[in-house]
Number of protein chains: 2
Amino acid sequence: MITIVIGEDHQAIIDGMVLLLQYDKNISIIDTANDGKALLDIVLQKRPDVVITDIRMPVMDGIAVTRAIKEQLPNTKIVAFSMFDQDDAFLQMHEAGVSGYILKNSPLEEVRKAVIAVHAGKEYYDSGIDERLYDNAFAKAKTTKSVLSKSEREILNLIAQNKTSSEIAEIRFTAVSTVEKHRKNMIRKLGLSGKGELLKYAIQRKYEFN
Amino acid sequence: MITIVIGEDHQAIIDGMVLLLQYDKNISIIDTANDGKALLDIVLQKRPDVVITDIRMPVMDGIAVTRAIKEQLPNTKIVAFSMFDQDDAFLQMHEAGVSGYILKNSPLEEVRKAVIAVHAGKEYYDSGIDERLYDNAFAKAKTTKSVLSKSEREILNLIAQNKTSSEIAEIRFTAVSTVEKHRKNMIRKLGLSGKGELLKYAIQRKYEFN
DNA sequence: TATAAAATACCCATTTTCGGGTATTTTTTT
DNA sequence: AAAAAAATACCCGAAAATGGGTATTTTATA
């Protein structure tokens, strides 16, 4: 029996998964959570075999949750369940330590397959991504390694929340000029240009939304 | 027996609904679609009693689909199923002619309730919204009816594409000051404030326009 | 430990947006 | 035809973001 915990802010989707898996003799959903912090607490307490987590979640995003779980319970297998098929979300989740990645565009049945696969020690990537992104992301990781640094990601997160540079500076206890420097570096790294580009990028690609 | 068609770009969510309703003797899912155009075609051809539609969908958004269905088959009941609990999405869907509105944050069981209610000629609004938004949206519709004008929507669309005011002015053959005026008017109408707010609004709600 | 990478902070100048206005012309609606 | 709404265009000033630098300190990593 594989025990699993699900983190997903849309209750309707959790309900769908429960309906799918409730009569499965090999899988038992022992708990669910609607935000990242709650998910982390539950996982640390109940120690399931497999965690299914959305990337975009309130309070704490799936990437942070994955990192935290992997740090404290490295044997727990994690499957990302996301509507984002963007390279960087996939890449970041992979770096955080997920063993599987499935898309909401795909049949729900993929969830069952993924759970079984990762529990068996394999990796499982949705057929919808393995061609387009899988190679892509790994190739990118090896060649360009142009991912943003920790501070940069933090700032990008705040940008997505519509914070201005001076607000971000206050939050992070740094100078405004530092934040502005990070902005410029990110714009350069990401190949953007123009006023709203970075905000647009932050909103569209990042795991943190409203 | 109530016949329904579901439009939703995330197959996993459709699968969840099918699992929920497949053994319901009163409801029969006769078809599903993953984009707005496909949904409209199916509905016009198969003429279900109730349509469940997402708002944000590829090719054609749920608002346009709802308008088109209501125009040609006014007796078809439509339930919006959305992750957006924003006032304007709700208001626009209501104006387009939906009889129900449910949120993905809510239990999937809400879908069944909504289908039965709207088929019986009632309106059904998710308990998650009726307090916060329902009154709000209707009150707003009556008092301010602050929907954006045609020019404003056009400009907002360009803003979502990351055009600056001067670029927009060029595209529209107007003065930069006019575009800026429209921006300010929109910010006022929408109750926004701060630098990136309008861009953020434009990006997050661009499904209304393209 | 030596080196690279990241984070920090500042300089300059320019463009853009925003928050107040006012005012005229067109278009739409009553 | 009169009134209302929308679109047009300008004023001012302030705040913010961008593009281009340089430079120091910390923190990883080879």
Side-chain angles (χ1 to χ4, degrees), chain A residues 67 71 88 91-92 95-96 140-204 206, chain B residues 95 140-204 209:
Chain A
R67 283 205 196 96
E71 209 171 278
D88 60 332
L91 186 54
Q92 281 189 63
E95 284 171 348
K140 198 175 166 187
K142 278 173 193 165
T143 57
T144 60
K145 65 175 171 356
S146 69
V147 204
L148 302 177
S149 71
K150 195 193 281 184
S151 290
E152 288 170 337
R153 281 196 302 270
E154 243 179 88
I155 289 172
L156 196 56
N157 240 322
L158 292 165
I159 290 172
Q161 290 166 45
N162 235 313
K163 302 274 191 280
T164 65
S165 290
S166 56
E167 287 171 333
I168 294 170
E170 259 188 50
I171 291 167
R172 290 173 48 84
F173 304 104
T174 62
V176 179
S177 55
T178 302
V179 178
E180 283 170 343
K181 182 60 178 168
H182 280 304
R183 287 186 104 113
K184 287 171 207 169
N185 287 339
M186 280 190 273
I187 288 169
R188 186 177 38 72
K189 279 188 184 179
L190 298 167
L192 307 174
S193 81
K195 284 276 152 168
E197 285 282 329
L198 192 59
L199 173 59
K200 190 175 182 181
Y201 181 91
I203 292 169
Q204 291 184 330
K206 276 299 140 185
Chain B
E95 284 170 348
K140 198 175 167 187
K142 277 175 195 164
T143 57
T144 58
K145 65 172 176 343
S146 70
V147 203
L148 302 178
S149 72
K150 196 193 283 185
S151 290
E152 287 170 338
R153 280 195 303 269
E154 242 178 270
I155 290 171
L156 195 55
N157 216 347
L158 293 166
I159 290 171
Q161 290 166 42
N162 236 311
K163 301 275 190 282
T164 66
S165 290
S166 54
E167 286 170 332
I168 294 170
E170 260 188 50
I171 291 167
R172 291 174 48 85
F173 304 104
T174 62
V176 180
S177 55
T178 303
V179 179
E180 282 169 345
K181 182 61 177 169
H182 280 304
R183 285 187 105 113
K184 287 169 206 167
N185 286 339
M186 282 191 271
I187 288 169
R188 186 177 38 73
K189 280 188 183 179
L190 298 168
L192 306 174
S193 81
K195 288 275 152 169
E197 285 281 330
L198 192 59
L199 174 59
K200 190 175 181 180
Y201 181 92
I203 291 168
Q204 292 183 331
F209 311 109

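Chain naming here is simple, since letters A, B, ... match the order of the sequence lines and numbering starts at 1 in each.
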Which nucleotide in [options] has an atom nearest any side-chain atom of [X]:
X        : options                : value
B:Lys184 : D:dA16, C:dT17, C:dG19 : C:dG19
B:Ala175 : C:dC11, D:dA17, D:dA9  : D:dA9
B:Thr174 : D:dT18, C:dT8, D:dT8   : D:dT8
A:His182 : D:dT8, D:dA16, C:dT8   : C:dT8

Does [X] put a side-chain nitrogen or oxygen below 4.0 Å from OP1 or OP2 of [N]?
X        : N      : result
A:Ser177 : C:dA9  : no
B:Arg183 : C:dT16 : no
A:Thr178 : C:dA9  : yes
A:Ser165 : D:dA16 : no

Specify the separation, in whole Å, of atom [atom1] of [X] and atom [atom2] of [N].
X        : N      : atom1 : atom2 : answer
B:Glu197 : C:dG19 : CD    : C1'   : 14 Å
B:Glu154 : D:dA6  : CD    : P     : 15 Å
A:Tyr201 : D:dA17 : OH    : C1'   : 19 Å
A:Glu152 : D:dT27 : CD    : C1'   : 15 Å
A:Glu180 : C:dT15 : CD    : C1'   : 14 Å
A:Lys181 : D:dT18 : NZ    : P     : 14 Å
B:Leu198 : C:dG19 : CG    : C1'   : 14 Å
A:Asn185 : C:dT8  : CG    : P     : 12 Å

Touch class at under 4.0 angstrom, heavy-atom based, for [X] against every strand present:
X        : answer
A:Arg188 : nothing
A:Ile187 : sugar-phosphate
B:Thr164 : sugar-phosphate
B:Lys150 : sugar-phosphate

- Which of these passes side-chain contact (heavy atoms from CB on, under 4.5 Å) with B:Ser165: B:Ile159, B:Leu158, B:Val179?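 Option passing the side-chain contact (heavy atoms from CB on, under 4.5 Å) with B:Ser165: B:Val179.
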- Message: Check A:Glu152 with A:Lys189, please: is the shortest side-chain N to carboxylate O separation under 4.0 Å?
- Response: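 Salt bridge flag = yes for A:Glu152 with A:Lys189.
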- Between A:Ser151 and A:Arg172, is any side-chain donor less than 3.5 angstrom from a side-chain acceptor?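 Judged by distance alone, the side chains do pair up.
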- Check: B:Thr164 main-chain N/O paired with B:Glu167 side-chain donor or acceptor under 3.5 Å: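 Yes; at least one donor-acceptor contact below 3.5 Å.
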- Would you find a donor on one side and an acceptor on the other, under 3.5 Å apart, between the side chain of A:Lys200 and the backbone of B:Ala160?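 A pair under 3.5 Å: yes.
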